[in-house]
Amino acid sequence: MSNKKLRHRGEEEETSSIFGNRALTLVGGALVVVVFIVVGIVLVTLLGGDDLSKPDPKQPELPALGALPDAPRSSVADLLENASFDTMSADDRAKVAAEVLRMFADTDVRGSSPVILGLDISRRGGQTRATREYRISADNPGATPLIVTSTSFFCDGTPGTVDLYRLRDTGLDRETEYESRSIDSPPFQRLLSGMDWSAAKDLGFREINGRRAHGAGLLYRPQATSEPVNVEQWFDVENGRLLYYVGSNGPELQGWTFDWRTPPPITVPEGLNTPPCAAAIIGE
């Protein structure tokens with residue numbers, strides 16, 4: 001009896017040892033996979049960074065962008081490089097806010113999002129005056145993608161409004177639109193002016209399209225009378241340009257990347273009455 005008990009105990013010990021070794025082997029293999037994944041992520045981050053504006057090879061090409069305009073080192077570069085938004089004084093946050101707003105006041109830039117292939121934006125005097133939007137047509141499924149282009153001008157209307165002049169070109173037909181809208185309705189009209197910097201949260205640093213960026217979590221009012229929503233914005237440390245922002249309230253807040261290479265000039269397309277504010281954009 002005792003010999004049988006010893007034999008059974010030995011068999012149980014051997015079986016436990018086998019399963020223990022297998023478990024260790026599986027755990028070890030899983031750890032190796034995790035290590036390789038982590039190393040891969042680190043290498044991608046260190047070598048390539050966040051290439052947010054890289055075109056999707058499956059999408060049709062948009063009109064090419066030009067050169068990157070010169071932008072000298074900004075007056076708040078030291079703050080963006082060395083200070084945390086969590087500990088900045090109110091005066092320092094105000095300086096950063098004023099500088100990034102200044103960089104976005106008079107400029108031509110292209111934005112893109114998961115929904116919109118591209119949006120060329122012309123801003124003058126702190127106002128969004130014209131946009132050219134590129135989308136994929138939903139009317140041509142299964143065939144070569146068609147780009148729908150919408151060119152819009154936003155001119156001063158009655159107090160509190162802008163007059164919209166738009167031509168939508170599908171490649172198959174063209175539609176014009178004229179209407180009065182809220183002064184806050186043009187794309188990115190309040191993108192920076194609607195930010196509350198009083199409780200900015202520091203998001204650290206990341207590389208975006210080869211540029212070192214400093215992120216801030218902010219409250220944003222898309223309309224002057226709307227409730228604030230949480231967004232994050234990432235600024236070029238060297239010159240204060242907005243490189244990326246993302247939020248959670250509507251298509252404009254799904255995540256936008258800004259490419260500061262010069263987009264093609266926005267002109268009045270044939271078939272659209274020349275808007276009164278076009279001269280400030282196209283030089284007429």
Just do the side chain to side chain contact (heavy atoms under 4.5 Å, CB included) check on Arg129 and Arg123 with the steps written out, would you?
CA-CA 6 Å; Arg129 287 303 192 184; Arg123 287 178 54 83; over 6 Å; no

Begin with the C-alpha distance, continue with both residues' side-chain angles, and end with the deciding distance and a verdict on side chain to side chain contact (heavy atoms under 4.5 Å, CB included) for Glu207 and Arg212.
CA-CA 5 Å; Glu207 185 178 288; Arg212 182 168 169 79; over 6 Å; no

Hey, mind stepping through Val231 and Met195 against side chain to side chain contact (heavy atoms under 4.5 Å, CB included) and telling me if it holds?
CA-CA 9 Å; Val231 302; Met195 294 296 165; 3.8 Å; yes

Any chance you could lay out the side chain to side chain contact (heavy atoms under 4.5 Å, CB included) test for Thr274 and Phe153, step after step, and finish with the verdict?
CA-CA 9 Å; Thr274 301; Phe153 290 87; over 6 Å; no

Arg110/Asp259 under salt bridge (charged side-chain N to carboxylate O under 4.0 Å, His left out): CA gap, chis, key distance, verdict:
CA-CA 5 Å; Arg110 176 173 291 176; Asp259 192 327; over 6 Å; no

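Residues Pro275 and Val268 share a closest heavy-atom pair of CD-CG2, 3.9 Å. Closest of all the heavy-atom pairs between Tyr244 and Trp256 is CD1-O, 3.0 Å. Taking all atoms of both residues into account, the shortest heavy-atom contact from Val100 to Gly240 is CG1-O, 3.2 Å. Minimum interatomic distance between Ser152 and Arg166 (heavy atoms only, all atoms of both residues): OG-NE, 2.9 Å. Across every non-hydrogen atom of Asp120 and Pro264, the tightest pair is OD2-CD, 4.0 Å. Val96 approaches Leu80 most closely through the heavy-atom pair CG1-CD2, 4.0 Å.
We find the OG1-CD1 distance between Thr267 and Ile281 to be 11.5 Å, quoted to the nearest 0.5 Å. Rounded to the nearest 0.5 Å, atoms CD1 (Ile147) and CD (Glu133) are 11.5 Å apart. Rounded to the nearest 0.5 angstrom, Ser112 OG and Tyr134 OH are separated by 12.5 Å. Rounding to the nearest 0.5 Å places CZ of Arg190 at 12.0 Å from OG1 of Thr128. In this structure, NZ in Lys95 is found 12.0 Å from OG in Ser74, a value given to the nearest 0.5 Å. Once rounded to the nearest 0.5 Å, the distance linking CG of Asp156 with SG of Cys277 reads 7.5 Å.
Leu164 and Ile266 fall into different hydrophobic clusters, where Ile, Leu, Val, Met, Phe, Trp and Tyr are joined by side-chain heavy atoms under 4.5 Å apart, directly or via other members. Hydrophobic clustering of Ile, Leu, Val, Met, Phe, Trp and Tyr side chains at less than 4.5 Å, counting indirect connections, keeps Phe258 apart from Leu65. Connection of Leu191 to Val229 is established within a shared hydrophobic cluster, with ILVMFWY side chains joined at heavy-atom distances below 4.5 Å, either directly or through further cluster members. Val246 and Leu203 end up in the same hydrophobic cluster when Ile, Leu, Val, Met, Phe, Trp and Tyr side chains are linked at under 4.5 Å.
In this structure, Pro186 and Val162 have side chains that are in contact, with non-hydrogen atoms separated by less than 4.5 Å. With a 4.5 Å cut-off on side-chain heavy atoms, Val109 and Arg241 do not count as touching. In this structure, Met103 and Leu242 have side chains that are not in contact, with every pair of non-hydrogen atoms separated by 4.5 Å or more. Looking only at side-chain heavy atoms (C-beta outward), Asn273 and Tyr178 come within less than 4.5 Å of each other. Residues Asp169 and Val148 fail the side-chain proximity criterion, which asks for heavy atoms closer than 4.5 Å. Annotation: side chain of Ile208 is in contact with side chain of Trp234 (closest heavy-atom distance under 4.5 Å). Under the 4.5 Å side-chain criterion, counting only non-hydrogen atoms from C-beta, Arg168 is not in contact with Glu177. The shortest side-chain heavy-atom distance between Arg181 and Thr161 does not fall under the 4.5 Å cut-off.
With Arg132 contributing its side chain and Leu119 its backbone, the two residues share no donor-acceptor pair below 3.5 Å. A donor-acceptor pair is defined here as one N or O able to donate and one able to accept, closer than 3.5 Å; such a pair exists between the side chain of Asn82 and the backbone of Asp78. No donor-acceptor pair under 3.5 Å is formed between the side chain of Gln233 and the backbone N or O of Tyr245. Within the 3.5 Å criterion, the main-chain N or O of Ser182 finds a donor-acceptor partner in the side chain of Ser185. Checking side-chain atoms of Ser113 against main-chain N and O of Val115 turns up a donor-acceptor pair under 3.5 Å. With hydrogens and angles disregarded, no donor-acceptor distance shorter than 3.5 Å links the side chain of Asp202 to the backbone of Asp86. At least one donor-acceptor pair closer than 3.5 Å links the side chain of Asp106 to the backbone N or O of Gly125.
You'll find the ring centres of His214 and Phe205 inside the 6.0 Å limit.
A search for ring-ring contact (aromatic ring centres under 6.0 Å, His included) contacts involving Phe154 returns nothing, not counting sequence neighbours.
Using modelled atom types and a 3.5 Å distance limit, the side chains of Ser122 and Asp108 yield a donor-acceptor pair. Inspection of the Asp91 and Ser89 side chains reveals no N or O donor paired with an N or O acceptor under 3.5 Å.
The aromatic rings of Phe188 and Phe104 sit perpendicular, their planes meeting at an angle over 60°, well past the 30° parallel limit.
Hydrophobic cluster of Leu219: no remaining members, since no ILVMFWY side chain lies below 4.5 Å from it.
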